[in-house]
Asker: 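Please read through the structure below; I'll follow up with questions.
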Amino acid sequence: MNKVFFLFLLIPILGFSNYWGKTGHRVTGHIAQNHLSGKAKRALNKLLDGHSLAFVSTYADEIKADRNNSRFSPWHYVNYPMDMRYEDSEKSEFGDVVMAIEECIGIIKNETSTKKDRVFYLKMLIHLVGDLHQPMHASRAEDKGGNDIQLQWFGEGTNLHRVWDKNMIVSYGMTYTELATELDRLPKWKRKKIQEGTIYDWVHESHLIAAELYGSVEPGEKIGYQYSYKYNNILFDQLQKGGLRLAKVLNDLFR
Ligand code: ADE
Ligand code: ZN
Ligand code: ZN
(Lines give C-alpha, C1' and ligand atoms only; values in the text may rest on other atoms or scores of the structure.)
(Ligands and ions follow the chains in the order given, each with its own letter.)
Protein backbone atom coordinates (compact mmCIF):
# COMPACT_ATOMS: atom_id res chain seq x y z
CA MET A 1 0.00 0.00 0.00
CA ASN A 2 1.12 3.55 -0.73
CA LYS A 3 2.91 4.80 2.43
CA VAL A 4 1.19 8.18 2.54
CA PHE A 5 -2.21 6.59 2.08
CA PHE A 6 -1.43 4.12 4.87
CA LEU A 7 -0.59 7.00 7.23
CA PHE A 8 -3.86 8.75 6.42
CA LEU A 9 -5.65 5.57 7.41
CA LEU A 10 -3.67 5.11 10.60
CA ILE A 11 -3.81 8.65 12.02
CA PRO A 12 -7.57 8.72 12.60
CA ILE A 13 -7.54 5.20 14.07
CA LEU A 14 -4.79 5.99 16.62
CA GLY A 15 -5.65 9.63 17.21
CA PHE A 16 -9.32 9.34 17.97
CA SER A 17 -9.51 6.05 19.83
CA ASN A 18 -8.88 7.53 23.28
CA TYR A 19 -11.07 10.52 22.66
CA TRP A 20 -14.09 8.34 22.07
CA GLY A 21 -13.45 6.33 25.18
CA LYS A 22 -14.49 9.37 27.22
CA THR A 23 -17.98 9.65 25.77
CA GLY A 24 -19.75 7.58 28.44
CA HIS A 25 -18.42 9.73 31.29
CA ARG A 26 -19.36 12.92 29.47
CA VAL A 27 -22.91 11.69 28.84
CA THR A 28 -23.27 10.98 32.57
CA GLY A 29 -21.84 14.39 33.48
CA HIS A 30 -24.02 16.21 30.97
CA ILE A 31 -27.21 14.52 32.18
CA ALA A 32 -26.31 15.24 35.82
CA GLN A 33 -25.76 18.93 34.97
CA ASN A 34 -29.42 19.16 33.85
CA HIS A 35 -30.69 18.06 37.28
CA LEU A 36 -28.63 20.07 39.77
CA SER A 37 -30.25 22.21 42.46
CA GLY A 38 -29.46 25.94 42.45
CA LYS A 39 -27.29 25.49 45.51
CA ALA A 40 -25.31 22.61 43.99
CA LYS A 41 -24.83 24.57 40.75
CA ARG A 42 -23.35 27.53 42.64
CA ALA A 43 -21.05 25.36 44.78
CA LEU A 44 -19.86 23.37 41.75
CA ASN A 45 -19.27 26.50 39.69
CA LYS A 46 -16.94 27.81 42.38
CA LEU A 47 -15.03 24.56 42.88
CA LEU A 48 -14.74 23.73 39.16
CA ASP A 49 -13.99 27.30 37.99
CA GLY A 50 -17.13 27.27 35.88
CA HIS A 51 -16.26 24.06 34.03
CA SER A 52 -19.03 21.59 33.29
CA LEU A 53 -19.41 18.17 34.90
CA ALA A 54 -18.88 16.63 31.44
CA PHE A 55 -15.56 18.49 31.12
CA VAL A 56 -14.13 17.26 34.44
CA SER A 57 -15.69 13.77 34.24
CA THR A 58 -12.66 12.24 32.51
CA TYR A 59 -10.04 13.69 34.89
CA ALA A 60 -9.75 10.51 36.99
CA ASP A 61 -8.75 8.52 33.89
CA GLU A 62 -6.32 11.22 32.72
CA ILE A 63 -4.31 11.21 35.99
CA LYS A 64 -3.67 7.45 35.54
CA ALA A 65 -0.87 8.38 33.12
CA ASP A 66 1.17 9.53 36.16
CA ARG A 67 2.59 6.63 38.19
CA ASN A 68 2.31 8.69 41.36
CA ASN A 69 -1.45 8.20 41.11
CA SER A 70 -1.35 4.40 41.00
CA ARG A 71 -3.02 4.17 44.43
CA PHE A 72 -6.22 5.43 42.80
CA SER A 73 -6.34 2.66 40.15
CA PRO A 74 -8.42 0.21 42.25
CA TRP A 75 -10.91 3.03 42.95
CA HIS A 76 -12.50 2.67 39.50
CA TYR A 77 -14.13 -0.74 40.00
CA VAL A 78 -15.14 -3.46 42.44
CA ASN A 79 -14.96 -7.22 42.04
CA TYR A 80 -16.76 -9.79 44.19
CA PRO A 81 -18.47 -13.18 43.72
CA MET A 82 -21.37 -13.00 41.28
CA ASP A 83 -23.88 -14.58 43.67
CA MET A 84 -23.15 -12.12 46.49
CA ARG A 85 -24.10 -8.60 47.51
CA TYR A 86 -21.33 -6.04 47.97
CA GLU A 87 -22.19 -5.61 51.67
CA ASP A 88 -21.48 -9.30 52.34
CA SER A 89 -18.30 -9.55 50.26
CA GLU A 90 -14.69 -9.44 51.43
CA LYS A 91 -13.35 -5.94 50.83
CA SER A 92 -10.09 -5.18 49.03
CA GLU A 93 -7.40 -3.60 51.22
CA PHE A 94 -6.65 -1.26 48.29
CA GLY A 95 -10.20 0.09 48.17
CA ASP A 96 -12.86 -0.15 45.51
CA VAL A 97 -15.31 2.12 43.72
CA VAL A 98 -17.89 2.02 46.55
CA MET A 99 -15.38 2.83 49.28
CA ALA A 100 -13.84 5.48 47.02
CA ILE A 101 -17.17 7.24 46.43
CA GLU A 102 -17.75 7.32 50.20
CA GLU A 103 -14.23 8.63 50.82
CA CYS A 104 -14.66 11.39 48.21
CA ILE A 105 -17.98 12.45 49.78
CA GLY A 106 -16.34 12.50 53.24
CA ILE A 107 -13.43 14.69 52.09
CA ILE A 108 -15.67 17.15 50.18
CA LYS A 109 -18.03 17.47 53.17
CA ASN A 110 -15.22 17.95 55.67
CA GLU A 111 -14.91 21.66 56.46
CA THR A 112 -11.22 21.26 57.32
CA SER A 113 -10.31 19.88 53.87
CA THR A 114 -8.23 22.22 51.70
CA LYS A 115 -9.85 23.65 48.56
CA LYS A 116 -7.30 21.74 46.48
CA ASP A 117 -8.37 18.43 48.04
CA ARG A 118 -12.05 19.22 47.74
CA VAL A 119 -11.62 19.97 44.03
CA PHE A 120 -9.54 16.83 43.42
CA TYR A 121 -11.95 14.48 45.19
CA LEU A 122 -14.94 16.17 43.60
CA LYS A 123 -13.54 15.41 40.15
CA MET A 124 -12.87 11.84 41.27
CA LEU A 125 -16.44 11.53 42.58
CA ILE A 126 -17.96 12.81 39.32
CA HIS A 127 -16.01 10.15 37.41
CA LEU A 128 -16.53 7.27 39.84
CA VAL A 129 -20.34 7.51 39.96
CA GLY A 130 -20.13 6.97 36.18
CA ASP A 131 -17.83 3.96 36.56
CA LEU A 132 -20.19 2.46 39.16
CA HIS A 133 -22.85 2.26 36.42
CA GLN A 134 -20.62 0.49 33.88
CA PRO A 135 -21.67 -3.12 34.65
CA MET A 136 -18.18 -4.52 34.01
CA HIS A 137 -16.84 -2.19 36.73
CA ALA A 138 -18.93 -4.10 39.29
CA SER A 139 -18.11 -7.61 38.28
CA ARG A 140 -15.71 -10.42 39.13
CA ALA A 141 -11.99 -10.75 39.76
CA GLU A 142 -11.25 -13.99 37.83
CA ASP A 143 -11.30 -12.25 34.45
CA LYS A 144 -10.55 -8.71 35.70
CA GLY A 145 -14.05 -7.43 35.02
CA GLY A 146 -14.15 -8.99 31.54
CA ASN A 147 -10.73 -7.64 30.50
CA ASP A 148 -9.50 -11.23 30.01
CA ILE A 149 -12.47 -12.28 27.86
CA GLN A 150 -11.21 -11.67 24.34
CA LEU A 151 -13.74 -10.85 21.62
CA GLN A 152 -13.92 -9.37 18.15
CA TRP A 153 -15.99 -6.25 17.65
CA PHE A 154 -16.75 -5.79 13.93
CA GLY A 155 -13.55 -7.72 13.20
CA GLU A 156 -11.38 -5.71 15.60
CA GLY A 157 -9.76 -7.38 18.62
CA THR A 158 -11.26 -6.28 21.94
CA ASN A 159 -12.60 -7.76 25.19
CA LEU A 160 -15.88 -7.84 27.09
CA HIS A 161 -14.81 -4.99 29.38
CA ARG A 162 -13.84 -2.72 26.52
CA VAL A 163 -17.03 -3.51 24.59
CA TRP A 164 -18.93 -1.91 27.46
CA ASP A 165 -16.44 0.89 28.19
CA LYS A 166 -16.24 1.99 24.64
CA ASN A 167 -17.00 -0.15 21.58
CA MET A 168 -20.81 -0.02 21.83
CA ILE A 169 -20.84 3.72 22.51
CA VAL A 170 -18.44 4.50 19.67
CA SER A 171 -20.39 2.34 17.21
CA TYR A 172 -23.58 4.19 18.05
CA GLY A 173 -21.89 7.22 16.55
CA MET A 174 -23.42 10.08 18.55
CA THR A 175 -21.53 12.85 20.34
CA TYR A 176 -21.92 13.02 24.10
CA THR A 177 -24.27 15.99 23.93
CA GLU A 178 -26.47 14.29 21.32
CA LEU A 179 -26.62 11.08 23.35
CA ALA A 180 -27.30 12.91 26.63
CA THR A 181 -30.09 14.93 25.01
CA GLU A 182 -31.71 11.81 23.58
CA LEU A 183 -31.48 9.84 26.83
CA ASP A 184 -32.54 12.57 29.23
CA ARG A 185 -36.25 12.61 28.38
CA LEU A 186 -37.81 10.76 31.33
CA PRO A 187 -40.78 12.23 33.21
CA LYS A 188 -40.10 13.51 36.71
CA TRP A 189 -41.65 10.56 38.55
CA LYS A 190 -39.38 8.12 36.71
CA ARG A 191 -36.33 10.28 37.40
CA LYS A 192 -37.20 10.37 41.11
CA LYS A 193 -37.58 6.58 41.15
CA ILE A 194 -34.13 6.12 39.59
CA GLN A 195 -32.61 8.47 42.19
CA GLU A 196 -33.93 6.34 45.07
CA GLY A 197 -31.79 3.82 46.93
CA THR A 198 -28.20 3.80 48.14
CA ILE A 199 -24.79 3.30 46.53
CA TYR A 200 -25.12 -0.32 47.70
CA ASP A 201 -28.34 -0.74 45.70
CA TRP A 202 -26.79 0.88 42.66
CA VAL A 203 -23.70 -1.33 42.70
CA HIS A 204 -25.95 -4.37 43.11
CA GLU A 205 -27.86 -3.39 39.96
CA SER A 206 -24.62 -3.12 38.00
CA HIS A 207 -23.41 -6.44 39.43
CA LEU A 208 -26.63 -8.23 38.35
CA ILE A 209 -26.26 -6.81 34.84
CA ALA A 210 -22.62 -7.99 34.78
CA ALA A 211 -23.82 -11.50 35.65
CA GLU A 212 -26.12 -11.41 32.63
CA LEU A 213 -23.37 -10.05 30.38
CA TYR A 214 -20.97 -12.85 31.30
CA GLY A 215 -23.53 -15.18 29.72
CA SER A 216 -23.95 -12.96 26.65
CA VAL A 217 -20.76 -14.06 24.87
CA GLU A 218 -18.44 -16.99 24.34
CA PRO A 219 -14.72 -16.18 24.66
CA GLY A 220 -13.34 -15.42 21.18
CA GLU A 221 -16.78 -14.67 19.73
CA LYS A 222 -17.24 -12.22 16.87
CA ILE A 223 -19.91 -9.71 17.81
CA GLY A 224 -21.34 -6.51 16.31
CA TYR A 225 -24.78 -5.35 15.10
CA GLN A 226 -26.79 -8.07 16.85
CA TYR A 227 -25.03 -7.49 20.15
CA SER A 228 -25.71 -3.74 19.99
CA TYR A 229 -29.32 -4.33 19.06
CA LYS A 230 -29.78 -6.63 22.03
CA TYR A 231 -27.90 -4.61 24.68
CA ASN A 232 -28.01 -0.92 23.71
CA ASN A 233 -31.08 -0.45 25.90
CA ILE A 234 -29.11 -1.60 28.96
CA LEU A 235 -26.18 0.62 27.97
CA PHE A 236 -28.43 3.66 27.56
CA ASP A 237 -30.29 2.91 30.81
CA GLN A 238 -27.04 2.75 32.75
CA LEU A 239 -25.78 6.03 31.26
CA GLN A 240 -29.06 7.71 32.17
CA LYS A 241 -29.08 6.28 35.69
CA GLY A 242 -25.46 7.29 36.22
CA GLY A 243 -26.32 10.88 35.29
CA LEU A 244 -29.43 11.17 37.46
CA ARG A 245 -27.76 9.56 40.45
CA LEU A 246 -24.68 11.75 40.10
CA ALA A 247 -27.02 14.75 40.29
CA LYS A 248 -28.63 13.23 43.41
CA VAL A 249 -25.26 12.66 45.11
CA LEU A 250 -24.15 16.24 44.33
CA ASN A 251 -27.48 17.80 45.38
CA ASP A 252 -27.25 15.93 48.72
CA LEU A 253 -23.64 17.01 49.14
CA PHE A 254 -24.29 20.71 48.58
CA ARG A 255 -27.56 21.34 50.38
N1 ADE B 1 -9.10 -4.62 36.87
C2 ADE B 1 -9.47 -5.70 37.59
N3 ADE B 1 -10.83 -5.78 37.68
C4 ADE B 1 -11.31 -4.73 36.99
C5 ADE B 1 -12.61 -4.25 36.73
N6 ADE B 1 -13.71 -4.88 37.20
N7 ADE B 1 -12.74 -3.12 36.02
C8 ADE B 1 -11.65 -2.48 35.56
N9 ADE B 1 -10.40 -2.87 35.75
C10 ADE B 1 -10.22 -4.00 36.47
ZN1 ZN C 1 -12.62 5.06 35.51
ZN1 ZN D 1 -13.42 0.28 32.29
Side-chain angles (χ1 to χ4, degrees), residues 17-29 32 53-67 69-86 89-104 120-151 153 157-171 176 199 202-214 216-217 219 231 234-235 238-239 241-243 245-246 249:
S17 57
N18 273 329
Y19 173 75
W20 279 327
K22 297 163 188 274
T23 304
H25 284 287
R26 290 177 178 156
V27 170
T28 301
L53 299 184
F55 184 75
V56 301
S57 68
T58 54
Y59 176 76
D61 277 340
E62 283 148 21
I63 64 165
K64 282 179 176 171
D66 185 342
R67 279 168 176 229
N69 292 317
S70 63
R71 83 174 182 95
F72 298 114
S73 297
W75 284 28
H76 294 252
Y77 58 87
V78 62
N79 294 317
Y80 52 101
M82 296 314 295
D83 56 359
M84 216 180 245
R85 271 190 77 100
Y86 173 83
S89 68
E90 194 184 324
K91 308 299 182 291
S92 162
E93 60 175 308
F94 303 110
D96 60 53
V97 67
V98 176
M99 285 160 65
I101 287 173
E102 288 172 339
E103 185 159 340
C104 291
F120 179 85
Y121 289 96
L122 173 62
K123 289 187 200 166
M124 295 297 284
L125 175 66
I126 291 163
H127 177 91
L128 297 176
V129 175
D131 275 348
L132 183 76
H133 287 80
Q134 205 285 52
M136 302 317 296
H137 278 239
S139 50
R140 66 186 185 203
E142 297 95 287
D143 46 59
K144 302 189 185 72
N147 273 300
D148 291 344
I149 300 176
Q150 302 304 317
L151 295 169
W153 180 261
T158 186
N159 61 63
L160 182 59
H161 188 99
R162 194 176 161 84
V163 163
W164 281 85
D165 260 355
K166 194 174 152 188
N167 296 133
M168 292 168 80
I169 301 180
V170 171
S171 291
Y176 81 84
I199 299 173
W202 303 342
V203 76
H204 185 60
E205 249 180 42
S206 284
H207 199 59
L208 287 178
I209 296 171
E212 180 186 343
L213 300 183
Y214 278 120
S216 71
V217 290
Y231 292 106
I234 295 182
L235 169 71
Q238 287 304 102
L239 289 168
K241 286 178 175 176
R245 289 168 180 171
L246 175 58
V249 168

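When a ligand or atom number is given, it counts from 1 through the structure's own listing order.
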Asker: Could you go through ligand 1 and note, for every N or O atom, any protein N or O atom closer than 3.5 angstrom, writing the atom names and distance to 0.1 Å, or 'none'?
Answerer:
| residue | atom | partner | partner atom | Å |
| --- | --- | --- | --- | --- |
| ligand 1 | 3 (N) | Asn79 | ND2 | 2.8 |
| ligand 1 | 6 (N) | Asn79 | OD1 | 3.0 |
| ligand 1 | 6 (N) | Met136 | O | 3.1 |

Asker: Heavy-atom distance under 4.5 Å between the side chains of Lys91 and Tyr86, does that happen here?
Answerer: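 Result yes, sub-4.5 Å side-chain heavy-atom pair found.
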Asker: Once the angle between the rings of Phe72 and Phe120 is folded into 0 to 90°, is it parallel (under 30°), tilted (30 to 60°) or perpendicular (over 60°)?
Answerer: tilted
Asker: Going by atom types only, do Tyr214 and Asp143 share a side-chain donor-acceptor pair under 3.5 Å?
Answerer: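 Judged by distance alone, the side chains do pair up.
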Asker: Is there a donor-acceptor contact under 3.5 Å from the side chain of His137 to the main chain of His133?
Answerer: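 No.
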Asker: Parallel, tilted or perpendicular for Tyr121 and Trp75, by the 30°/60° rule?
Answerer: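 Ring orientation, 0 to 90° scale: tilted.
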Asker: Counting only N and O atoms by type, is there a donor-acceptor contact under 3.5 Å from the side chain of His207 to the main-chain atoms of Ala138?
Answerer: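 Confirmed, His207 side chain pairs with Ala138 backbone.
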Asker: Mind reading off the angle at the Zn ion (ligand 3) between the OD1 atom of Asp165 and the NE2 atom of His161, rounded to 10°?
Answerer: 100°
Asker: If you define the side chain from C-beta out and look only at heavy atoms, does anything of Met168 sit under 4.5 Å from Val163?
Answerer: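 With C-beta onward as the side chain, the pair touches.
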Asker: Check Pro219 against Ile149 and note the closest heavy-atom contact, atom names and distance.
Answerer: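 Shortest heavy-atom contact: CA-CG2, 4.2 Å.
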Asker: Between Ser216 (side chain only) and Glu212 (backbone N and O only), is there a donor and an acceptor less than 3.5 Å apart?
Answerer: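 Not a single qualifying donor-acceptor pair exists.
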Asker: Answer yes if the ring centres of His25 and His127 are under 6.0 angstrom apart, and no otherwise.
Answerer: yes
Asker: When you check the space around the Zn ion (ligand 2), which protein N, O or S atoms turn up under 2.8 Å?
Answerer: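 Under 2.8 Å from the Zn ion (ligand 2) - ignoring waters, which are not counted - the protein N, O or S atoms are His76 ND1, His127 NE2, Asp131 OD2.
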